[in-house]
K.L.:
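Pasting a structure below so you can have a look.
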Amino acid sequence: MKLTFLGTSHGLPEKDRYCSCTMIDINGRKYLMDAGAPFVNMLIRRDIPLCDLKAIFITHLHGDHTNGLPEFVDLISWYYKDVNTAMLLPEQIGVDALKLWNNAANGNNTRALDFRVYKEGAIYDDGTVKVTAMPTKHGNGNTYAFMLEAENKRVVFTGDIAGYANDTPKVCFERECDAIVGEGAHVSFEEAKDVFERCLTNRIIISHVAPRNECALARLQAEEKSYSLTVAYDGYETEV
Ligand SMILES: [Zn+2]
């Protein structure tokens, strides 16, 4: 599978970074982890048909993970009517808000879209990817990490967490992961050092890095480690 980091910024946009949005490509089928970037425009600029997008998984409802959704919902309602992407959100209020905004923009008679509200556990399996949601302690609840399994590989996306020492998803210590995509805003990379050594992976990719954490992250990158540590940037692509 190929990961493309469409947006890697923390809670705020930066000059060269959109907010959180990562595309997973498995034999042409595309999936998004979070939608904080203007991903419709980005897919079109990359010549990727929106029909290829099979599902969007939202870790939590903060804007830096969701702001690309209203545009997508609008456009697939009235123009891209052959797009049937599943949109998985952790709270009904998010679905209600998207529907209400869509009604405001397009009236009440728009076609039904595939919104799904998920809870902890297995939330998606289309025969290509399986996704499992695991709660984290970020924000005021209803925030999740995701484990994505496809092609006999496993990737964990931590989403936003309350620090690596307290809140790294347990699965990272219990099962071999081909990659862990972690966050760099609500964490300390001093405390992450020991935690990362205990994760059952050779590969950690950090996204969502806040400027205040950049120095500590660079120091950790420079150290000798048993795993590779990459800092994602907008447009970074990698095979897992
Ligand atoms: Zn965030």
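When a ligand or atom number is given, it counts from 1 through the structure's own listing order.
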K.L.:
Given Asn106, which of Thr110, Asn103, Asn102 fulfils the side-chain hydrogen bond (donor to acceptor under 3.5 Å, both in side chains) condition?
P.N.:
Asn102
K.L.:
Where does the angle between the aromatic ring planes of His208 and His65 fall among parallel (under 30°), tilted (30 to 60°) and perpendicular (over 60°)?
P.N.:
tilted
K.L.:
Sequence neighbours excluded, which residues qualify as side-chain hydrogen bond (donor to acceptor under 3.5 Å, both in side chains) partners of Thr238?
P.N.:
Arg203
K.L.:
Does either side chain, that of Glu191 or that of Asn166, offer a donor lying less than 3.5 Å from an acceptor on the other one?
P.N.:
no
K.L.:
Is the closest basic N to carboxylate O distance between Asp25 and Lys30 below 4.0 Å?
P.N.:
yes
K.L.:
Excluding waters, which protein N, O or S atoms are within less than 2.8 Å of the Zn ion (ligand 1)?
P.N.:
Asp64 OD2, His65 NE2, Asp160 OD2, His208 NE2
K.L.:
Look at the aromatic rings of Tyr233 and Tyr236 and report parallel, tilted or perpendicular, splitting at 30° and 60°.
P.N.:
tilted
